[in-house]
Amino acid sequence: MFVTGIIGYPLKQTYSPLLHNTTFNALKINGIYYPMRVQPTDFGTIITSLKTLGFTGVNITNPYKKKVIKYLDAIDTRARSIGAVNTILIEKEKIIGFNTDFYGFEKSLLEHNIRIKNRTVLLIGAGGVSSACAYVLKDLQPRQVFIANRTIYKAKMAARLCEADVIGFEQIKKIIGFVDMVINATSVDLQNVIIPALKENCIYYDTNYWFKSMKRRGIFVVNGLSMLIHQAALSFSIWTRHKPPVAIMKVALKGGAKC
Ligand code: ATR
């Protein structure tokens, strides 16, 4: 049996149990995915107990994507470069870390037909999700990337991944009118402050998914559902060796409520 789940805190709303449990059922694979709200003081104990508890693997979410690295026996090279792990696999008594957020972001750009080449991009945020986006941007030949974050030293670390220019939040207004794409990789809603300042045909890509993708005031507003599905599908594949079940997960999301 595949025993999986997601560990985070406070783990408010997540579609992941719906996506994975629906997929186990649809594929008739004997498996289960648990949401696990783990307090920061218990995090280390829980991670090191996963082996004895018989887990196949888990997803790691806020605020643990960087913190988990010190508990791993091995880490995938891409996850190491990004500096964040959102998927772990327990194999032969070893805890192995992966990053599937970068894959989710890359696939979602293709799915939405978003081209980065020669475009000026503003990436807001400098956590694990932002680093995964920066890792993808580096290979897509943007004209220029700016990274803005509330805590500036974290932005410097993310900027190294894609040779970006770091700016403070207060400098966003100086560049916002000429960028071709904004990526919100923070956990806060920035739509109302950012979208009115964007030029026409700009893309506002939000890694969150509490709103619908749409065209708003001449701006293409894209949510993070495609990224969510593709990252989940790759995690599922890492645990079960089944090919990423993207189509099943898309259907699961259409029919389900948040859990
Ligand atoms: P994730 O792994 O999902 O990226 P994270 O590592 O906790 O999560 O990063 C969250 C991001 O949202 C960070 O860029 C964080 O900014 P700080 O680095 O300054 O903490 C950003 N963020 C969270 N709450 C914010 C707020 N109220 N205003 C601005 N940025 C915020």
Legend entry - Heavy-atom side-chain proximity of Lys51 to Asp73 below 4.5 angstrom: yes
Inset, instruction - Answer whether the closest heavy-atom distance between the side chains of Phe146 and Val121 falls below 4.5 Å. - result: no
Inset, instruction - Give a yes or no answer on whether the side chain of Asn149 reaches the backbone of Lys154 with a donor-acceptor pair at less than 3.5 Å. - result: no
Inset, instruction - Begin from the C-alpha positions of Lys250 and Glu111 and carry the test salt bridge (Lys or Arg N to Asp or Glu O under 4.0 Å) through to its verdict. - result: CA-CA 13 Å; Lys250 282 186 180 171; Glu111 205 162 82; 3.0 Å; yes
Legend entry - Non-hydrogen side-chain atoms of Val85 and Lys66 separated by less than 4.5 Å: no
Inset, instruction - I would like to know whether Tyr135 and Ser81 meet side chain to side chain contact (heavy atoms under 4.5 Å, CB included); could you show each step before the answer? - result: CA-CA 8 Å; Tyr135 181 80; Ser81 301; 3.8 Å; yes
Inset, instruction - Flag this pair as yes if the NZ/CZ of Lys107 is under 6.0 angstrom from the six-membered ring centre of Phe105 and inside a 45 degree cone about the axis; otherwise no. - result: no
Legend entry - Spacing of Phe55 atom CZ and Met36 atom CE [to the nearest 0.5 Å]: 4.0 Å
Legend entry - Distance (rounded to the nearest 0.5 Å) between Leu198 CG and Phe220 CZ: 12.5 Å
Inset, instruction - To the nearest 0.5 Å, tell me how far Leu109 CG sits from Met227 CE. - result: 9.0 Å
Legend entry - Any side-chain heavy-atom pair of Ile203 and Asp180 under 4.5 Å: no
Inset, instruction - For residues Tyr209 and Asn223, report the shortest heavy-atom separation together with the two atoms involved. - result: CA-CB, 4.2 Å
Legend entry - Side-chain H-bond candidate by donor/acceptor type, Ser108 with Tyr205, under 3.5 Å: yes
Return all side-chain donor-acceptor pairs below 3.5 angstrom for residues 232-242, not counting sequence neighbours, or 'none' if the list is empty.
residue: Ser235; atom: OG; partner: Asn59; partner atom: ND2; Å: 3.1
residue: Ser235; atom: OG; partner: Thr87; partner atom: OG1; Å: 2.8
residue: Ser235; atom: OG; partner: Thr100; partner atom: OG1; Å: 3.3
residue: Ser235; atom: OG; partner: Gln231; partner atom: O; Å: 3.2
residue: Ser237; atom: OG; partner: His242; partner atom: O; Å: 2.9
residue: Trp239; atom: NE1; partner: Ile88; partner atom: O; Å: 3.0
residue: Thr240; atom: OG1; partner: Phe236; partner atom: O; Å: 2.7
residue: Thr240; atom: OG1; partner: His242; partner atom: N; Å: 3.2
residue: Arg241; atom: NH2; partner: Glu91; partner atom: OE2; Å: 2.7

Legend entry - From Ile124, Val129, Asp206, Leu137, residue fulfilling side chain to side chain contact (heavy atoms under 4.5 Å, CB included) relative to Ile183: Leu137
Inset, instruction - Determine the minimum heavy-atom distance between Ser131 and Ala158, stating which atoms define it. - result: OG-CB, 4.1 Å
Legend entry - Note, Pro63 side chain near Tyr9 side chain (heavy atom, < 4.5 Å): yes
Legend entry - Partners meeting salt bridge (charged side-chain N to carboxylate O under 4.0 Å, His left out) with Asp189 (sequence neighbours left out): none
Inset, instruction - Specify the closest pair of heavy atoms between Leu72 and Gly97, including all atoms of both residues, with the distance to one decimal. - result: CD1-CA, 3.8 Å
Legend entry - Spacing of Phe102 atom CZ and Asp76 atom CG [to the nearest 0.5 Å]: 7.0 Å
Legend entry - Separation between CG of Asn99 and CZ of Arg80, rounded to the nearest 0.5 Å: 13.0 Å
Inset, instruction - Decide yes or no for Met249 and Thr23: does some side-chain heavy atom of the first lie under 4.5 Å from some side-chain heavy atom of the second? - result: yes
Inset, instruction - Would you kindly say whether Gln144 and Asp165 are connected by a side-chain donor-acceptor distance under 3.5 Å? - result: yes
Inset, instruction - Could you tell me whether a side-chain N or O of Ser130 sits under 3.5 Å from a main-chain N or O of Gly125, the two making a donor and an acceptor? - result: yes
Inset, instruction - Could you tell me the separation between the NZ atom of Lys199 and the CD1 atom of Ile176, rounded to the nearest 0.5 Å? - result: 11.0 Å
